[in-house]
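Heads up: the structure comes next, in C-alpha cells.
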Amino acid sequence: MDAYNPEEIEARWQRRWAEAPAMDEGNAGEEAPCFYLLEMFPYPSGRIHMGHVRNYTIGDVMARFLRARGYRVLHPMGWDAFGLPAETAAIQRGVAPAKWTYENIEAMRVQLRRMGFSYDWKRELATCHPGYYRWEQLFFLQMLEKGIAYRKKAVVNWCEQCGTVLANEQVEGEQCWRGHRPVTQKEIDGWFLRITAYADELLDGLDTLEGWPEKVRTMQRNWIGRSYGVQIAFPLVECEGSLEVFTTRADTLFGVTFASIAAEHPLAERLAEAGGRQSEVRAFVDRIRRQEATERAQGKEGVFTGCHVVNPVSGERVPVYVANFVLMSYGTGAVMAVPAHDQRDFDFARRYEIPIRVVVQSEGGDLDGDAMTAAYEDDGVLVASGEFTGKTSEMARSEIAEHLQAAGKGRKTVNYRLRDWGISRQRYWGAPIPVVHCTACGVVPVAVEQLPVILPTDVELLAGGASPLPTLESWVNTQCPRCKGAARRETDTMDTFVESSWYFLRYTSARLDTAPFDPLELEKWLPVDHYIGGVEHAVLHLLYSRFFTRVLRDLGWIRLDEPFRNLLTQGMVIKDGAKMSKSKGNVVDPDDLINAYGADTARLFSMFAAPPEKDLDWSERGVDGSYRFLTRVWRLAMAFEGRQLAWADPGRSDVGGAPDEDGGGKLRSLVHETIRRVTHDIGERRHFNTAVAAIMELVNAIYERRALRQSDDAITHFATATVLRLLAPFAPHITSELWERLVGTPALDRLLWPEVDATALVRETLEMAVQINGKVRAHISVPADATEADVLATALAEEKVAGELAGRSPRKTVVVPGRLVSIVV
RNA sequence: GCCGGAGUGGUGAAAUGGCAGACACGCCGGACUCAAAAUCCGGUGGGGGAAACUCCGUGUCGGUUCAAGUCCGACCUCCGGCACCA
C-alpha cells in the first residue's frame with residue numbers, strides 16, 4: 001500500500017484543476033440556481049496568513065459543497081491592491097509600488113492555489129489596475145454632479161505615520177486603525193462623500209439584514225447613532241441673534257441654568273467681545289484648541305463669555321460658557337445645560353458654582369439640587385416647569401417640542417453621530433481623484449471621455465514619505481477641461497475603502513471594458529448570497545459597501561439596496577492567548593504548515609478546531625490530530641486497493657448491503673445519518689466542526705466493523721465511498737486521489753452530493769430513558785411504532801421502575817416519543 | 001458608563017427545553033515489536049463502592065417547568081465595540 005503523501009497528490013490535483021477548471025460555475029446547467037459566495041479579498045502583502053487560511057477555507061468548503069448540491073456558484077478572488085504598504089516598501093527597498101504589488105499578487109496567488117481553493121480565476125481583479133479604477137472615477141464624477149461627492153475644508157483626523165487624513169471610521173480610540181499610531185486633528189481641504197444623506201436608509205436597512213450577526217448590526221446602529229430631539233433657539237441678550245442648541249431632553253428645558261458652546265463655535269469670539277471678556281475667552285479657546293482629544297477629555301472646564309441667553313419657555317436669563325467638552329462636530333456645537341439631569345453639566349456646574357435646579361422628580365423621590373451628588377438622568381415627573389408641571393418626561397418631551405415649534409422657537413430634528421466620509425488621501429498609491437484645479441475656473445471635473453486618469457507608475461518615491469504626485473510636473477500639469485487654460489491635477493488619491501466598496505459588483509463582469517457592469521450578470525448573481533470575513537470591518541468596509549450600493553442604485557447602475565444577504569464573521573486565529581501578529585512573535589506561516597502536513601490538513605484543522613464565528617486556538621497537537629485522521633482515512637480506503645469500490649450513484653441511494661446479523665443494517669443507517677448531519681451542518685448551521693466530527697464517527701464505525709473482520713462487503717464499500725464524498729469539501733486532494741484510485745469515474749468533484757435515504761434512518765426499536773421525579777432510573781427498549789400508552793406501560797412494568805414506585809401510582813406522566821418517559825410520584 | 005458576546009472535563013469543544021461532556025487532543029492500560037516509533041483495541045468529569053450501582057456536577061444566587069447548559073430575574077468574571085454624541 002502506498003503511504004499517504006500529501007505533497008505529491010496535492011501538487012498533482014492542483015495541476016489538474018488548473019488545467020481543466022471543472023468548477024467555475026459548478027457542474028450544473030444553465031437552469032440551475034445561482035449562488036454568489038464571496039470572501040473578503042486580501043491586501044496583497046506578499047504572504048497569506050492563518051486568518052486568510054481560515055477565511056478562505058470556510059468559503060471553499062461552502063463553494064465545493066454548494067456545487068455538489070447542484071448550484072452554479074460564483075466564487076471569485078481578487079486583490080485590494082492600493083494602499084500604503086506598497087509605498088513604504090518602495091522607500092525601504094527601492095521597488096516601485098506597482099511592481100511590488102504585482103509581484104506580491106503573483107506570490108499570493110501561488111499560495112492560494114497551494115491551498116486547493118477553487119476560485120474562478122477568470123474573474124480575478126486588482127483594484128490598482130486602470131481597468132478597474134477607471135469606473136470608480138466615473139462613479140466619482142457622477143457623485144460630484146449629484147452632490148454626493150463634495151469638497152470642503154474641515155477638521156479631520158491626521159495620521160503622522162501614514163502621512164494622510166483618515167475617515168472617522170478608520171480611527172480606533174484616537175489611533176490609526178492600521179498601525180495604531182496616534183491621530184491628531186488638522187484642518188484641511190478634502191473630498192467627502194455624503195454618507196449622512198443615507199443615514200436613515202442605512203440604519204433602517206439593518207432591520208432587513210436577517211442573515212447578519214446581531215453584533216454587526218448593533219455596531220452599525222451605534223455608529224450611525226440616530227437621535228431624535230429638538231433644535232431650540234435661545235435669543236442672545238448682549239447681541240443680536242440667537243444660540244441654536246440641540247437636545248434630546250426637551251422635558252428638562254425649565255432646568256437650564258447655563259449654556260455651553262464648543263471652543264470652535266463661530267459665536268465664541270463675538271460673544272466674548274460683546275461680553276467684554278475677549279482676553280479670557282481667547283486664552284481659553286487657544287489653549288483648548290491646541291490640545292489633543294485625549295488631553296481634552298481629562299476634565300471639564302470652561303470660561304464665561306460675559307454673555308447671556310434667554311430661556312425660550314421661562315424667559316429666564318442664563319450665562320453662556322465656552323466649555324472644553326462640547327463637540328463642534330455634533331449637533332450645533334452648543335448645548336443647553338441642565339446640571340440636575342445631565343452628569344456632564346452637573347460636574348461643570350459644581351466646579352463653577354452654577355445653580356442646579358431639579359425639574360424632573362423620580363418616582364416617590366425628593367431630589368434636591370443642592371444636596372445631589374450626581375445628576376438624575378432618568379425619566380420622571382416634571383416639577384417647577386410652568387404649565388408642564390406634573391407631566392411625565394415622555395409626555396413633556398413631545399408637548400414642549402410642539403409648543404416650541406408652534407411658537408417658532410424650535411423644531412424637531414434628528415441628529416446622527418455618523419459623519420460624512422472623507423475620502424481624500426495625501427498618498428501616491430491610490431486611485432486618482434478625477435478633477436483639476438484651474439486658476440480661472442476653480443475645481444473642474446475631468447471630462448468623462450478623458451477617463452481614466454491614470455496613476456503614473458514611473459515615479460521616484462520621496463524619502464520623507466510624502467506623495468511624489470504634487471511635484472511630478474509632467475503629470476500634474478494639464479489643461480482645464482472647461483477653459484482650456486493651464487490647470488493642475490488633483491494630487492490627492494482616493495481612500496482604498498472606495499475600491500473595496502464595489503469590487504463584489506465588478507466580479508460579475510470583471511473583463512467587460514465598455515461598462516462597469518453587465519446588467520444581466522448583475523441580475524443573475526446579486527446580491528452576494530453569502531459573504532465571509534473578519535468582524536473588524538463591521539463599521540468600515542461593510543458600512544461603506546452598503547452606502548456605495550445605494551449610491552450606485554441611485555445613479556442607475558444597479559437595482560439593489562443591500563449588497564450582502566448573509567454575513568459570516570469569523571473569529572480570529574489565536575496562539576498563546578493572543579492574536580497572531582508579528583509584534584507578538586506568535587505567527588504561524590501557512591507555507592510551513594503546508595510543507596509539513598499538506599493543504600488538506602491545514603484546511604481540516606482550521607474547520608475542525610472551532611465553529612467559524614469563534615476564535616480559533618492554534619494548536620500544534622490539533623494539527624497533528626487532523627493529519628492523523630487523514631492518514632486514517634487513507635489507510636481505510638486503501639485497504640480496498642485493487643477492488644472496485646461499490647458505491648451508490650445519485651440515482652441509486654440504497655445499497656443492498658449486508659444482512660442485519662453482521663451489523664450491516666446498522667452501518668447503513670449510520671451512513672445515512674451521517675449524510676443527514678453533515679448536510680445540515682454545512683448547509684444550514686454552518687458548523688463545520690461538528691460536520692467533521694460526524695465524518696470521524698463514521699470512520700470510527702467502519703474501523704470497528706473492520707476489526708470484526710466484516711470489512712469487505714458492499715455496505716462497507718458504500719460507507720467508505722460516502723466518507724470520501726462527505727469529506728471532499730474539507731479535504732479535496734486526498735479524497736479526489738482516493739476516489740480516482742478506488743472508484744474511477746465520474747471524478748469526485750463532478751459528482752452530486754449524496755442523498756439521504758429516509759428509509760435507512762427508520763429504526764425498529766428505540767432506546768428510551770425513564771425518569772422518576774426528574775432522575776433517570778432505567779432504560780427501556782420499545783418498538784418504534786409503539787403508542788405512547790404502550791411506551792408508558794412498558795416503562796411502568798420495568799423492574800427497576802416498578803421497584804422505585806413500590807406500588808405508588810404516578811401523579812403525572814410525560815412521554816416524549818423517542819426520547820424519554822417522565823414519571824412524577 | 002452604554003451596547004453586544006461568552007463562562008461546560010486536564011485542553012479545543014458537543015448538546016431543536018428531554019439521558020451533559022459527541023468528536024478530537026492529552027493521559028492511562030492492552031495488542032503488535034527483540035525494542036522503540038507508528039498503528040490497532042480499550043479506559044478516561046469528580047466523590048463513594050470489589051461490583052451492580054449511587055451521589056454530586058455546565059460562573060454565582062434565585063425563579064419557571066414533569067424536565068434547565070439551554071428560558072426568566074439579579075449578580076460576578078472575561079472578551080469585543082462605542083465612549084463627554086447633549
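Naming convention: chains lettered A, B, ... in sequence-line order (proteins, then strands); numbering from 1 in each chain.
Using atom C1' as the reference point in both B:G73 and B:C19, the two lie 29 Å apart (nearest Å). Only the C1' atoms considered, B:G26 is 23 Å distant from B:C32, to the nearest whole Å. If you take atom C1' in B:A14 and the same atom in B:U70, they sit 13 Å apart, rounded to whole Å. The same atom, C1', is picked in B:A13 and in B:A31; the two are 30 Å apart, to the nearest Å. Distance check on atom C1': B:G43 versus B:U8 gives 22 Å, rounded to whole Å. The same atom, P, is picked in B:C76 and in B:C85; the two are 24 Å apart, to the nearest Å. Taking atom C1' on both B:G47 and B:A36, the two are 38 Å apart, rounded to the nearest angstrom. Nucleotides B:U11 and B:C2 are separated by 33 Å at their P atoms, to the nearest Å.
Residue A:Lys775 has no polar side-chain atom (N or O) positioned under 4.0 Å from OP1 or OP2 of B:G18. Between A:Arg217 and B:G4, a side-chain N or O to OP1/OP2 separation shorter than 4.0 Å is absent. Between A:Arg685 and B:A15 there is a side-chain polar atom (N or O) within less than 4.0 angstrom of OP1 or OP2. Residue A:Ser822 places no side-chain N or O under 4.0 Å from the OP1 or OP2 atom of B:G18.
Contacts with RNA chain B (heavy atom under 4.0 Å) in residues 324-348 of chain A: A:Phe325, A:Val326, A:Leu327, A:Tyr330, A:Val335, A:Arg344, listed by number.
Residues passing the side chain to side chain donor-acceptor pair (under 3.5 Å) test with A:Asn311, sequence neighbours excluded: A:Ser314.
Looking at heavy-atom distances under 4.0 Å, A:Thr631 makes no contact with the nucleic acid at all. No contact: A:Arg677 has no heavy atom under 4.0 Å from any strand.
An anti base is found at B:G80: its glycosidic angle is more than 90° from 0.
A ring-centre distance under 6.0 Å is not found for A:Phe608 and A:Phe730.
Panel note: side chain A:Asn689, backbone A:Ala610; no donor-acceptor pair is recorded below 3.5 Å.
Ring geometry, A:Phe258 versus A:Phe348: the interplanar angle falls under 30°, so the pair is classed parallel (tilted spans 30 to 60°).
Using a 4.0 Å cut-off between charged nitrogen and carboxylate oxygen, A:Arg686 and A:Glu613 do not count as a salt-bridge pair.
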### Message
Expected output check: what is the dot-bracket annotation of RNA chain B, where ( ) and [ ] are pairs inside the strand (brackets for crossing ones), | is paired with another strand, and pairs are Watson-Crick or G-U under 3.5 Å?
### Response
(((((((..(((.....[....)))((((((.......))))))((((....))))..(((((..]....))))))))))))....

